[in-house]
Structure formats: structure tokens, C-alpha cells
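Everything below concerns the one structure shown next.
When a ligand or atom number is given, it counts from 1 through the structure's own listing order. When a residue number appears, it is its place in the shown sequence, counting from 1.
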Amino acid sequence: MTLRVGIVGCGRIAGNHARALHQVDDVEVVGCCDPAADRVAAFAAEHGVPYATPGLDGLVELGLDAVTVCTPHPVHEAVVVRAAEAGLHVLCEKPIAVDLAAADRMIAATDRAGVTLGVLFQRRFWPAAQRIRAAVDDGCLGRPVLGEVSVLLHRPAEYYASDAWRGRWDTDGGGVLMTQAVHQIDLLCWFLGRPTQVSGFIRTHAHGAHIETEDSASAVVAFESGATATITATTAANHNLGNRVTVVGETGAIASVLEFPEGQEGVNELWTVPGETHLSTPFDAAREARPDIGSINARLGDFHTRQVQDFAQAVLLGREPAVTGRDARTSLAVVTAVYESSRTGRVVPIAPPGEGAAR
Ligand SMILES: NC(=O)c1ccc[n+]([C@@H]2O[C@H](COP(=O)([O-])OP(=O)(O)OC[C@H]3O[C@@H](n4cnc5c(N)ncnc54)[C@H](O)[C@@H]3O)[C@@H](O)[C@H]2O)c1
């Protein structure tokens, strides 16, 4: 069977989706939609997509099996719920949504329709990230007891000015945590398990003149297992030092996955498992420190392809995708808990899994 797929939203990241869909077996890209008329036509021409239309309803009429969703985050919910109601499987870009109630409605709508919901966190497909997860599973790190997320990125003012929706609470839902660090928070929770409590602060330091959301954040997360972790995130760094997620296991072994330059496939910067220290790849600050957004997205493309491939197989074989809607809800729960903690000055609990909740 061939999966007939449409692309919803034809902006920056949609090119990765089109290239991925063209490369994956048993998939046919049949259409794309975007209310920006010039953009959707140019996108269809550039990527060899046979049909372009302003809205999702125009795609649904084509008789699709699935859509991938590349709209700004606050628009994810409306698209995913409508697609589910039309009986379509959905692979949605991260973050799943900008608040937990929206994420729950998306999970409930896809459950009700009996369709697959996957969320794009392509960094899980890096071999270096999978090596950490395997080391947690096979016990060679022991139970993870400490974690550390470090997101030290540079974004120029033009990045926020280039799209009207960026940097505003109503149209972006958050800043560096919601848009950038959510990838590393997803990895952290994949390694450490279910988060239960969060405390944190958000600030706007470098970009305060042109955005209302945070450009910097510090937070502490406690996990059900007893592990704890810190999150440091900013888009206000001058030298873009990329992203790093570190895990300390109860054996004392330390493992980290480093993404530097930003967008580059992660490597195990630290790997102190006895007898395996040769797996470490040292940090080299001389590497590219100011990659532009286009090249960052382009370098992530191969891993978009792997996740699209996983999603297509999940639909065709009737199994769960690598990252489910419930998985994606977990990283969103951490991000929104940091916002609440910063606003209230309290430690914010994250509810245990339930119907429509993280598990
Ligand atoms: N996985 C990754 O590494 C990665 C990288 C970049 C962006 N993203 C995610 O992808 C999403 C889009 O980001 P972007 O940088 O491509 O944004 P963008 O602004 O470049 O593109 C968004 C597009 O969606 C269109 N759109 C808005 N409402 C729509 C609707 N109702 N139906 C159809 N199209 C609609 C806009 O006209 C625009 O063309 C965001 O959620 C972002 O977090 C993920």
C-alpha cells in the first residue's frame, strides 16, 4: 500500500518534510496547503508537489491518508483535530501545542478517530542519542540520577523580525524553551523518565526590545525515579555553542550528546562507561559558531527523513510511532511548568499520567 500524504504549512521547515517524504518508500506526496498564496505555489513548484491549495479542506478532498503539520505551534491543534476528524493520520511538528489542554484535545481527537499521531523530535534518531537511551535500558549507566540540558544559542534580531508570529505569547506560545530547548527537554525525559516537579525562572535579556517571550531560562526538574536535572537555555549567546544533554548514571558513568554546530548530528561528547571512553568526541570551539537558520534546518534534514520513515511504517504496520502525542506532551508539560513556576514563584507539580495525559 502507498501512503498518500499532504503537507500543511509551507514555510521554512516544510522543505525538510517534502524532501523526506520524497525519499521514503511507500509514500506519495499528493498536495500541500498554506493560506499564503505565493508561498504555497512556489513551494509546490520547488518540491514537485502536484497540488497546492490554501486550506486543509482542499487537501482532504484529495482523498489523503495522512498529513504532516508545519504550521506555527499555536495552529497545530486546529489542524491536527480537523485532520483527525477527516480520518487522517498526522505527523505534527514540535512542540505538540503551546498548552496542555490543547495537547490533550489533540491526543483525544486522534484516539477517537483511531488514527496515528506522531510528533517530530528528530534528534531522537541520532545514533548518539540512541546510544544513551540503550545504555540506560541495558543498565551500563545504571539508573540515571542527574541530568543537564544546556542550550546556548545565538539568534539575531532579524530571526524574530522575519515572521510576525515569533516571540509573542499569543502566536508563539513561548520563547527559547518552547521553540528551541523543547528538543533537548524531550531527550532529557526520554533518558530520565517521567518528570514530576519543576521550578524555574524565565527572563528576556538580549531581545527585550523586539520580543515579549523569554530568551533565557533556568530550571530544575525532579523525576519519578528520584533523578534531578537542570535546564539552562538561551538564544542570547553571542557565540552559538549549540545544545548538550548530559546524563549521570548511578554507576558514576557520564554520557552526553552534543549538537555543535547547531543542526549538526549529535555526538557523544562524554562517554565515561569503563572500557568505552574512546566513544567520546571532544568539543571543538573552533567549529562554526554562527550557522544561519537555513543551514541548521538543512542539516537536520536526514533525521526528519528517518522520523518520517518511522511514521510511515508505523501507519502501514499499525504500530506506535517512535514519538507519540503522549510522549510529546511530556516535554510540553516541563516547558509550561517552568513558565508557571516563574510566574508564581512556586514549585509546580506535573500530574501523573491519566487519560489523555503523559505516560
Ligand atoms: N523539528 C525541527 O527541527 C523544526 C525546525 C524548525 C521549525 N519547526 C517547527 O515547525 C513549525 C513551523 O515552523 P517554521 O519555521 O517552518 O515556520 P514558518 O513561519 O516558516 O512557516 C509556517 C507556515 O505555516 C503557514 N500557516 C499558518 N497557518 C496555517 C494554516 N492554518 N494552514 C496551513 N498553513 C498555515 C504559514 O503561512 C507559513 O507559511 C513550528 O511549530 C516549529 O516549531 C521544527
Side-chain angles (χ1 to χ4, degrees), residues 6-20 31-44 46 52-60 67-83 90-98 102-103 106 118-126 151 153 155 159-168 171-187 213 235 243 259 262-266 291-308 311 323 328 331-332 335:
I7 300 173
V8 183
C10 299
R12 284 183 175 140
I13 205 61
N16 282 23
H17 288 235
R19 282 183 287 273
C32 57
C33 74
D34 195 305
D38 290 359
R39 202 172 303 164
V40 70
F43 181 87
E46 182 184 348
T53 179
L56 178 57
D57 288 344
L59 281 187
V60 170
V67 286
T68 73
V69 180
C70 307
T71 64
H73 348 309
V75 187
H76 291 173
E77 180 190 358
V79 175
V80 170
V81 170
R82 170 74 188 101
V90 188
L91 179 58
C92 181
E93 268 298 348
K94 49 50 65 174
I96 180 172
V98 294
M106 295 161 76
V119 181
L120 236 144
F121 279 106
Q122 76 276 31
R123 285 160 172 88
R124 286 205 194 187
F125 287 80
W126 284 335
V151 170
L153 303 180
R155 288 290 182 274
Y159 165 78
Y160 291 105
S162 62
D163 299 298
W165 62 274
R166 290 192 194 280
R168 291 166 47 102
T171 52
D172 205 356
V176 62
L177 289 175
M178 186 67 83
T179 296
Q180 283 87 20
V182 70
H183 279 289
Q184 287 68 41
I185 294 170
D186 173 69
L187 289 180
T213 57
T235 53
N243 305 304
E259 173 186 354
E262 188 185 357
Q264 191 79 17
E265 175 184 339
D292 61 52
I293 298 297
S295 65
I296 294 168
N297 286 344
R299 282 189 291 221
L300 291 166
D302 284 349
F303 293 92
H304 265 96
T305 303
R306 291 200 202 179
Q307 191 165 356
V308 167
F311 176 77
V323 188
S331 50
L332 178 64
V335 170

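- You'll find the side chain of Ile96 stays beyond 4.5 Å of the side chain of His76, heavy atoms only.
- At least one donor-acceptor pair closer than 3.5 Å links the side chain of Asn16 to the backbone N or O of Asn297.
- For the residue pair Tyr160 / Thr235, a side-chain donor-acceptor distance below 3.5 Å is found, with atom types taken as modelled.
- The ring pair (Phe, Tyr, Trp, His ring centres under 6.0 Å) search around Phe121 returns His183, not counting sequence neighbours.
- Partners of Asp163 according to the side chain to side chain contact (heavy atoms under 4.5 Å, CB included) rule, which considers only residues two or more places apart in sequence or in another chain, are Arg12, Trp165, Arg166.
- Applying the side chain to side chain contact (heavy atoms under 4.5 Å, CB included) test to Ala52 and every residue at least two apart in sequence or in another chain returns Cys32, Val40, Ala44.
- Protein residues having a heavy atom under 4.0 Å from any atom of ligand 1 are Val8, Gly9, Cys10, Gly11, Arg12, Ile13, Cys33, Asp34, Pro35, Arg39, Cys70, Thr71, Pro72, His73, Val75, His76, Glu93, Lys94, Pro95, Gln122, Arg123, Asp163, Trp165, Arg166, His183, Asn297, Leu300, His304, listed by chain and number.
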